[in-house]
Amino acid sequence: MIIFAKKLYVSLTCQKTSHNFTKIAFKPLHTNLFNIVLISFFLTIGCGNIYSQEIKNKKKPLPAVKQTDKENPAITDTIKLDTVKPKKTFLDGKVRYKAKDYAKIDQKKKLITLYNEAELYYKDVELKSGIIVLNYEKDEVYAGRIKDSAGVLTQFPNFKQGSSEVQPDSIRFNFKTKKALIYNSRTKQGELNIKASVTKKENDSVYFLKGAIITTAQDIDNPEYYFKTSRIKFVPGKKIVAGLTQMVIADVPTPLALPYGFFPLSKEKSVSGIIIPSYNDSNTRGFSLQNGGYYFALSDNYDLTVLGDYYTNGSYAMRFESAYATRYKYRGNVNIRFENLISSERGYPDYSKQSIYNIQWSHSKDTKSNPNSTFSASVNMGSSKYFKQSINQANIGSNLNNTLSSSISYNKTFNTIPGSRISLSATHSQNTQTEDIIMTLPSLQGSIDRVYPFVGKDGVKKGLIKNINLQYNVSGKNYFKTKDSLFFKPQMFDDAQLGLQQTIPLSTNFKIFKYFSAGASTTYQETWVNKTIQKEYDPTAGQTVNKSINGFDSYRTYNFSTNLGTTIYGTFNFGDDKRIQSIRHVMRPSITYAYTPSFERYYDTYGVDASGRITSEYTRFENGLFGAPGKDNSNIVGFALSNTFEAKVRDRDSTKTEPKKIMLLNNLNFSTSYNFNADGKSTFGWQPVLVSGGTQFFDNKMNMNFGATLDPYAIDNGGNKIDKFNIDNGGSLFRMTSANVTVNYSFSNKGTGKEKEKNTQSQRNGGRSDDLFGTNTDLNDSRNSQFANEPEKDDVITEFFNSKVPWDMTLAYSLTYSNVKRESTISGNSIMISVNTDLTPKWKAGVSTGYDFVQKGVTFTQFRFERDLLSWRMAFNWQPLGTNSNWNFFIGIKSGMLSDIKWNKRSVSNR
């Protein structure tokens with residue numbers, strides 16, 4: 001090497017043989033001591049690579065090279081290749097590194113030192129630290145912290161290899177053996193955070209840890225709880241096997257310890273495992289173990305949870321819960337619950353025994369899988385008293401609900417001309433008060449799209465003739481009505497009815513005088529049934545006897561209707577300088593006429609009096625699935641008027657030039673009808689005027705709906721309606737017989753712009769979607785929050801008087817007025833309110849209550865409190881009033897992996 005004053009020229013000699021040399025010249029570089037050392041290091045490594053690569057490329061040794069001396073041709077020199085194989089370089093991949101302060105190379109000690117914000121990348125190894133020292137002779141790397149200007153150790157190492165990541169105080173790693181020695185390591189595996197004083201990396205898949213703690217707390221250096229153990233075998237992504245394991249809470253050791261611990265770390269979404277039961281006691285059922293069972297992770301597409309309860313008096317419960325999903329195809333879940341409830345002991349007067357059950361199934365099909373067909377299910381069926389008496393459901397909204405309903409449907413669309421579709425469904429409706437069950441199993445709906453027989457080749461549908469169209473609809477049902485006690489028994493099908501109805505509507509629409517829309521239609525219906533009735537009068541018993549006649553029968557009906565309507569726009573301008581610039585009124589009046597002839601031919605007579613006169617008439621199609629044909633003709637004209645009111649208001653923001661539109665009334669509707677065939681006794685000519693309306697206030701946060709019934713006829717002293725107008729009887733034009741007002745208001749100061757989360761489980765059980773009747777509490781699992789799920793907040797209130805306490809409120813008010821027989825009473829007047837607030841960033845509180853002004857009493861009331869304990873959650877729920885009064889306390893770890901570490905205590909149920 002030759003060094004000049006300003007520039008450096010390097011001449012490198014790489015020896016291939018003792019007589020052959022290769023020279024490599026480099027372009028001049030500016031003289032710098034670091035450049036000289038760096039170039040010397042890399043060129044030395046480069047020569048070794050050239051020589052090593054050359055030998056590697058030769059499959060066998062080259063023959064000796066012979067050279068003849070010109071002066072003595074007989075003398076020859078044989079030079080053989082060096083048979084000593086060079087040492088293989090440790091780096092078999094590209095190394096990238098950088099540092100903020102300096103990168104120093106020590107050729108003598110074979111070290112590369114990187115200082116301050118040092119980074120090194122080699123294959124799948126990523127290392128970041130304050131200082132990194134690479135020994136390329138021993139194939140080792142060391143990383144540690146450095147001190148800042150205040151003498152505080154900073155820039156902890158971050159070692160990442162593949163999917164494993166460790167944040168220790170210092171680390172030594174050998175590239176060749178893949179072994180490492182790590183001090184005060186910190187790593188995260190799923191929900192678990194692990195810290196160990198010394199960690200030995202045996203290979204890519206096994207670590208041995210000494211003096212370790214395991215926790216789900218976010219702050220691994222100051223956790224609120226942890227599991228302490230002396231030795232751990234750690235297999236990333238698979239498992240943690242620990243020795244003697246003790247639970248420590250707030251740095252205080254607890255007596256909770258196990259001889260060994262096992263923590264699964266499967267990369268799968270879930271793994272099978274035992275669900276540990278919780279202990280409870282009841283005055284009526286004794287001691288119990290509840291919510292114990294097993295979770296089966298059957299596959300990535302579906303699972304199964306089996307839970308059970310057992311009480312010492314013999315009561316028990318079983319629950320089967322399964323969720324399933326296939327991407328872009330379908331998803332759903334199934335819950336089956338059964339409880340055998342025994343109260344008190346046999347022989348005591350309060351002893352009782354009963355079995356209750358509930359089945360829930362929800363299924364939805366992804367439209368991407370097949371746009372021409374859909375399948376959905378929403379099932380909620382079971383014992384009528386399940387939600388009132390269940391030992392594992394606390395849901396007042398579901399308890400007060402009087403109806404359980406289910407629907408399963410399949411729809412298929414056929415790409416034909418004209419288009420057609422078919423739908424098969426099964427429905428279920430259950431009244432929990434009367435315990436009546438009505439089911440259709442199955443129900444068939446089919447239709448063929450409209451056909452326009454008079455449309456020309458241009459396809460224009462305009463005018464009376466070209467707009468004539470017809471359809472075909474078919475509806476079939478297998479209907480039966482039974483009782484709760486007969487459900488799933490053969491007797492439930494004894495009174496089943498089967499029927500089918502075909503409908504062909506023919507209609508058209510057209511314009512009259514440009515501004516009026518007119519329409520006319522006629523409909524032909526044909527109804528088939530498999531069961532009819534026959535009535536006979538039994539003079540001996542003195543009563544009518546109904547006989548059921550099995551066999552096919554049918555009847556046919558038809559009707560005619562026409563309608564005429566228009567839209568009227570009106571604007572009232574007050575001036576651009578006014579706060580309210582204008583009001584827009586839209587009216588849509590319409591008149592309809594419908595005529596249905598008499599189908600008296602389907603009626604028969606039975607029973608005669610002493611003079612031989614017929615006393616009764618009936619039709620054999622009474623109580624049929626699709627009703628019965630009318631005996632009297634129907635000749636009715638109807639009137640309707642709908643209104644909307646909208647205002648243009650000058651915006652308070654002076655920078656905005658356009659006025660703001662405000663809806664004053666979303667709708668204000670009036671409707672009535674007149675029956676030309678009224679007899680003035682059982683039927684009256686004019687029907688009551690129905691008034692309904694609704695509007696919204698406060699940026700659509702408050703919804704108000706109202707309605708009233710106005711009867712034009714008077715009533716006598718007995719409260720019976722008479723064929724005389726009320727105004728002719730000394731009264732007003734109309735007599736208000738009923739009225740109602742409902743107001744719903746939801747508002748909040750959180751300002752997130754998101755709607756409050758719905759109470760989905762309560763809604764699925766048949767209750768309300770809000771929390772006016774409290775939140776749904778599943779006593780099987782109290783890990784879920786009682787409040788709407790919100791993002792975790794790390795904020796701390798620093799200025800108490802200036803802090804903003806988040807809250808939300810839901811209010812519902814209902815008022816009902818009744819005056820059918822001049823009683824003029826408020827039959828219903830109640831208010832319900834629900835308030836939730838964050839008292840502090842970690843404390844939540846809520847209350848749901850109400851008051852009935854008619855019954856003069858407090859309605860359902862629930863108090864709920866919740867404390868965020870970082871990786872733990874504490875909750876208290878109290879319902880102080882009514883037959884369902886109870887309280888429930890829970891404290892446990894949020895993590896699903898450690899959900900069995902909890903304490904749950906609740907009051908004795910009154911159910």
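Only a predicted model underlies this, so the values are computations on that prediction, with no experimental measurement involved.
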From CA spacing to verdict: side chain to side chain contact (heavy atoms under 4.5 Å, CB included), S230, L244: CA-CA 7 Å; S230 58; L244 178 64; 5.6 Å; no

Over 12 foreign heavy atoms within 6.0 Å of NZ, K100: no

Derivation and outcome, side chain to side chain contact (heavy atoms under 4.5 Å, CB included), residues Y115 and I146: CA-CA 9 Å; Y115 190 81; I146 62 174; 3.6 Å; yes

Exercise: do S871 and E224 side chains pair donor with acceptor under 3.5 Å: yes

Shortest non-hydrogen contact from P168 toward P157: O-CD, 3.0 Å

Verdict with reasoning, F890 to K902, per side chain to side chain contact (heavy atoms under 4.5 Å, CB included): CA-CA 7 Å; F890 167 85; K902 62 183 179 180; 3.8 Å; yes

Minimum side-chain heavy-atom gap Y207-E202 below 4.5 Å: no

L839 and T837, any side-chain heavy atoms less than 4.5 Å apart: yes

Gap between atom NZ of K104 and atom OG1 of T113 - 0.5 Å precision: 5.0 Å

Test item: T215 side-chain N/O and N193 main-chain N/O as donor-acceptor pair under 3.5 Å: no

Pair N116, Q155: side-chain N/O donor-acceptor within cut-off below 3.5 Å: yes

R331 CZ: over 12 foreign heavy atoms closer than 6.0 Å: no

Expected output: side-chain T187 to main-chain I194 donor-acceptor under 3.5 Å: no

D221 and K195, any side-chain heavy atoms less than 4.5 Å apart: yes

Side chain to side chain contact (heavy atoms under 4.5 Å, CB included) between I901 and M247, intermediate numbers included: CA-CA 11 Å; I901 302 175; M247 188 175 187; 3.8 Å; yes

Flag side-chain contact, heavy atom, 4.5 Å: K179 against K201: no

Smallest separation among heavy atoms of P277 and L289, with atom names: CB-CB, 4.2 Å

Nearest-0.5 Å distance that lies between atom CG in N291 and atom CG in L307: 6.0 Å

Approximate separation, where rounding is to 0.5 Å, of Y122 OH and F175 CZ: 7.0 Å

Separation of L209 CG from S185 OG (nearest 0.5 Å): 5.0 Å

Heavy-atom donor-acceptor pair, N301 side chain to A325 backbone, under 3.5 Å: yes

Flag side-chain contact, heavy atom, 4.5 Å: R186 against F156: yes

Under 3.5 Å donor-acceptor, D303 side chain and A323 backbone: yes

Verdict with reasoning, Y121 to Y97, per ring pair (Phe, Tyr, Trp, His ring centres under 6.0 Å): CA-CA 6 Å; Y121 302 91; Y97 60 85; over 10 Å; no

Heavy-atom closest pair, residues I232 and A212: CD1-CB, 3.5 Å

F863 and F865 aromatic ring geometry - parallel, tilted or perpendicular at 30°/60° bounds: parallel

K894 bridged to D868 by N-O distance under 4.0 Å: yes

Validation row: F876, N888 side chains within 4.5 angstrom (heavy atoms): no

Check against salt bridge (charged side-chain N to carboxylate O under 4.0 Å, His left out), R172 and E140: CA-CA 7 Å; R172 288 178 59 190; E140 287 185 358; 3.3 Å; yes

Under 3.5 Å: donor-acceptor pair, side chain of S748, backbone of W807: yes

From L134 atom CG to L111 atom CG, the distance as rounded to the nearest 0.5 Å: 8.0 Å

Distance-only polar pair, side chains of E191 and S895, donor-acceptor under 3.5 Å: yes

Close side-chain approach of V141 and V133, heavy atoms under 4.5 Å: no

D838 side-chain N/O to T840 backbone N/O, donor-acceptor pair under 3.5 Å: no

Reported CD1-to-OH distance for the pair I274 and Y294, which is rounded to 0.5 angstrom: 6.5 Å

Closest approach of L114 to E119 (non-hydrogen atoms, all atoms of both residues): CD1-O, 3.8 Å

Side-chain donor/acceptor of E165 to backbone N/O of F159, under 3.5 Å: no

Nearest heavy atoms of F262 and K239, plus distance in Å: CE1-CB, 3.8 Å

Student check: side-chain heavy atoms of I171 and Y183 closer than 4.5 Å: no

Check: P223 main-chain N/O paired with D219 side-chain donor or acceptor under 3.5 Å: no

Note: D139-K178 ion pair, threshold 4.0 Å (strictly below): no

Backbone of T216 reached by a side-chain donor or acceptor of Y225 within 3.5 Å: yes

Aromatic centroids of F698 and F747 separated by under 6.0 Å: no

G243 backbone acceptor or donor facing T245 side chain under 3.5 Å: yes

For M874 against W843, the heavy-atom pair lying closest together: CE-CH2, 3.9 Å

